[in-house]
Amino acid sequence: VVNRQDFLTLFPREYHREHILGPLVASQTCGKFDVTAVVKGGGLTGQAGAIRLGLARALEKYNPDYRPPMKRHGFLTRDARMVERKKVGRVKARKSPQWVRR
């Protein structure tokens with residue numbers, strides 16, 4: 001259950017579902033846990049990534065033996081990309097104002 005909605009209705013794409021269920025498959029615990037998650041902000045892909053990271057960390061805390069297979073698949077690594085800030089004299093972070101010849 002994600003945000004009090006069914007998992008299948010909130011994530012209609014198969015890619016997002018597989019992305020979220022990755023830690024459960026890697027630790028061979030599919031069907032052993034009932035997961036309830038609350039996520040805010042971002043898009044569906046970002047929310048799926050956040051749920052995957054939280055699920056992987058929770059499984060590792062539950063049983064440290066699950067750490068090696070999840071680490072091997074990269075489920076315990078946070079995506080560190082952030083939005084770049086807008087600079088002074090620029091339209092956006094890197095976009096310059098339109099150049100005028102005369």
Is Phe33 close to Leu59 at the side-chain level, that is, under 4.5 Å between some pair of heavy atoms?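 Contact flag for Leu59/Phe33 side chains = yes.
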
With heavy-atom distances below 4.5 Å as the criterion, would you say the side chains of Asp6 and Val1 are in contact?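 When only atoms from C-beta onward are counted, Val1 and Asp6 do not touch, as no gap falls below 4.5 Å.
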
Atom pair [atom1] ([X]) and [atom2] ([Y]), whose distance is rounded to the nearest 0.5 Å:
| X | Y | atom1 | atom2 | value |
| --- | --- | --- | --- | --- |
| Ser27 | Asn63 | OG | CG | 9.0 Å |
| Leu76 | Met70 | CG | CE | 5.0 Å |
| His16 | Thr45 | NE2 | OG1 | 3.0 Å |
| His19 | Phe11 | NE2 | CZ | 9.5 Å |
| Asn3 | Leu10 | CG | CG | 6.0 Å |
| Arg67 | Arg57 | CZ | CZ | 10.0 Å |

Give the cluster check for [X] versus [Y]: same hydrophobic cluster or not, with ILVMFWY residues linked at side-chain heavy-atom distances below 4.5 Å.
| X | Y | value |
| --- | --- | --- |
| Ile20 | Leu53 | no |
| Leu21 | Tyr15 | no |
| Leu8 | Ile51 | yes |
| Val2 | Val35 | yes |

Do other residues, nucleotides or ligands put more than 12 heavy atoms under 6.0 Å from Glu84 CD?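 Counting neighbours around CD of Glu84, more than 12 heavy atoms of other residues, nucleotides or ligands fall under 6.0 Å, so yes.
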
Output yes when a side-chain donor or acceptor of Glu60 lies under 3.5 Å from a complementary backbone atom of Tyr66, and no otherwise.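 No, the answer is negative, given that no donor and acceptor are paired below the 3.5 Å cut-off.
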
Exam field: side chain Arg17 to backbone Pro12, donor-acceptor pair closer than 3.5 Å: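 Answer holds: yes.
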
Closest approach of [X] and [Y], non-hydrogen atoms and distance?
| X | Y | value |
| --- | --- | --- |
| Lys86 | Val91 | CE-O, 3.5 Å |
| Arg90 | Lys95 | CB-O, 3.6 Å |
| Arg102 | Val100 | O-CG1, 3.2 Å |
| Ala26 | Phe75 | CB-CE1, 3.6 Å |

